[in-house]
Amino acid sequence: MDLFSTAGLARLTARNPWKTIIVWIVILMLGGYSSSLIGDRLTTDFTFYSKPESIQGQNLLEDHFGTQALTETIVIQSDALTVDDPGFQTVVQNAMTALRGMPDLVNTAPDQTFSYLDLNQSSDPAIQAQAARMVSQDRHSTIIQMTTTSEELPDTELTDAYMAAMQAASTDQVRVLPVGAISISETFSSVSEEDLRIGEGIGIAAALIILFIVFGALVAVGIPLILALMSITIATGIVSVFASFWDISFFVTSMISMIGLAVGIDYALFIVERYREERRHGRSKMEAIEMTGGTASKAVLFSGLTVLFALLGLFIIPTTIFRSLGLGAVVVVAVAVLAMLTLVPAMLALLGDKIDWPRKRHYDDPERIAAQLKKDAEPIQSGFWGTLTHAVMAKPVISLIASAGVLIALAIPYFNLNTGFNGAATLPPSDVTDGYNILLTDFGVGQLAPVKMAITGPQDQAQAGIDSLTAALAANPDLANFQGPTWSADGGAAEIEIFVNGDSDSELVRGAVHNLRDTIIPTAFSGTSNAVYVTGDPAINVDFQKLIDVWTPRVFAFVLTLSFLLLMLAFRSIVVPAKAILMNLLGVGAAYGIMVLVFQDGYLHNVFGFEKVPSVEPWLPIFLFCVLFGLSMDYHVFLLSRIRERYDLTGRNRESVAYGLSSTARIITGAAVIMVSVFFGFALGRLVMFQQMGFGLGIAVLIDATIIRCILVPSAMALLGDRNWYMPSWLRWLPDLRVEGTPRHETPATVPAGD
């Protein structure tokens, strides 16, 4: 066999196991060191690589005003005291003293960081009015406006010191609650790290139990877990290096852990079980490893390539969040596949039959080998899966219509999908959420993320338009709370800030952005040469959703085309990939629909422990499509490879479909349960975005492993007959990659063809 084939690679590493393992240990150590540095290299911001209107406006303001530092709003509230009580004022003064004691973080200039007590010392009526606006109507709350020294988020040490100082300033009667870029980012990061630990713990625990049930051997259980954890560590280290040079979203660590656990365990499970199967057929240890390399390992390679091609769809979307998620998933899948092709054969060579410890199996017993070969000759295996296979194959038309009908019905709620960012309001209970809610009720949260307008100069030409614009703003209740215009020192640009009282991605704020862009600004500046851009976080969110709408059909076309081509090469058929794509689209659509029912409509959300929210994260649908399409192809490839292997041996389609389904059901079901457990483990976290991501992935894999794989695939293949393997003559020049490897008739004892 060629050294560069999967079988040849398995043979090479199995003959040099210690060299292979040492190489991987060195890689693991390097990855572990690099991964320990990733924390401070990640960002909670997202960046466009294209130039929508919001980014053009942001760049204009930065060019003329300079980069704007981050701000924080510190809410101070008491149920018992008012702002006029000495005890309340002491807390305000202590908080200000703490802020002034952090010059590395806080811009302590009087006009940059101040409280109502500071402003009350002025005799200027305008400043006095500003001080009054910093106190709630019931006088039980006030705010401190703080400006940082940098436009970048501070490091962990400064952030922790700031959060601790604000907490220390609180008393039993008066609470100090920071709300802003730093505190919200810190809360998101800390909760996501906790969710990550919970998800990993649940995933590993579930995997241990399921692997033991599948293998019935402790040593065999360890290999998939070791491989998955190694893949996660090495992939995190690789991404940490990338994060040193490019902006990488903090989502990437959750992505690596979730996908790494899922595919790492699954891939190792398939390979180890196929090795044991080959040993049951009487092959020697090295023969079994090489045969496994030419079959299961090859299926893993093609499955991994399918996942990678699907995830490449995330890379073509020009934003950091998608490219970060794509990078994390692609790297961990690539590392996992490489480990499966090299490290697993080396470990099997060292362990041999000890993999079944504490059991001792008599693989070389002629009677056991003959019994196994006789069992394999049966087109439908016994037990539950054999019964299910018989039922599906007996009535394929009914099975097809019923299963497809269920999936279509589940997909219908997708047409009511609302997308939007679930921001600070959906964070789990904390000082940040308490402060946010007080700010929303007593002051308005528009100051956290104002809608900004950037207007090009010169000032004399823009003045008429600005006068018309400010008049229109003052006449609109949603837009009347604004500040400006403020002109830059060079007179080249002006800025107006509008404080809409709503979350930066609420329907109210999005409507304000559209109203400004579509109606108010074109009317006010009609006939002028001044350019006006709507920017700020709300406008960036609107442009982000617009970008997704533009790129979604392109990503779908990209992923579907690549998947079709790869499956066509793998199975020498145009029917198999077309059918696989259609079925996976049904599965993804059903997952979308269920997400809408649970998160938007609130069905069973309390049972799952999820939060009912008005929208699904805007990046999730396209992200889920890419990931789910790749992962769902996993089981399709493994199932079809066994069907095709049997078909090449017997030439009988119905028998091959029945054999493929019943013979792979136990191992694929175990793998699917592991993957579902991993995803649902992450869904049990407290961040809504991770709940939606984990639940969406988990429910889609569950649908794929049950309705699609057990019913829809076999019934459709039974009805299509030999047409499943149709390949036009004008395409037969394409290479025969043969995922299923060498047919079983080359085993030491010939398998009877059966009926």
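All residue numbers in this chain count up from 1 along the given sequence.
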Side chain to side chain contact (heavy atoms under 4.5 Å, CB included) between V627 and M693, intermediate numbers included: CA-CA 10 Å; V627 176; M693 180 172 66; over 6 Å; no

Between D543 and S54: side-chain donor-acceptor atoms closer than 3.5 Å: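 Side-chain D/A pair, D543 to S54: present.
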
Reported CG-to-CD distance for the pair D537 and Q58, which is rounded to 0.5 angstrom: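 With rounding to 0.5 Å, CG (D537) is 8.0 Å from CD (Q58).
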
Evaluation steps, side chain to side chain contact (heavy atoms under 4.5 Å, CB included), between F679 and M258: CA-CA 7 Å; F679 292 148; M258 190 165 54; 3.2 Å; yes

Check the orientation of [X] and [Y]. Use parallel for under 30°, tilted for 30 to 60°, and perpendicular for over 60°.
X    : Y    : result
F610 : F608 : parallel
F695 : F599 : perpendicular
F421 : F544 : tilted

Test side chain to side chain contact (heavy atoms under 4.5 Å, CB included) applied to L567 and F302, step by step: CA-CA 8 Å; L567 290 176; F302 273 88; over 6 Å; no

Residue that, paired with T552, satisfies side chain to side chain contact (heavy atoms under 4.5 Å, CB included) out of I548, V555, V550: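 That would be I548.
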
Atom OH of Y49: over 12 foreign heavy atoms under 6.0 Å: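 Yes.
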
Whether over 12 other heavy atoms sit under 6.0 Å from F558 CZ: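 For F558, atom CZ is crowded (more than 12 foreign heavy atoms under 6.0 Å).
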
Over all atoms of both residues, closest heavy-atom pair of G670 and I210: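 That closest heavy-atom pairing would be O-CG2, 3.5 Å.
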
Derivation of the side chain to side chain contact (heavy atoms under 4.5 Å, CB included) call for I316 and W551: CA-CA 8 Å; I316 68 175; W551 281 93; 4.2 Å; yes

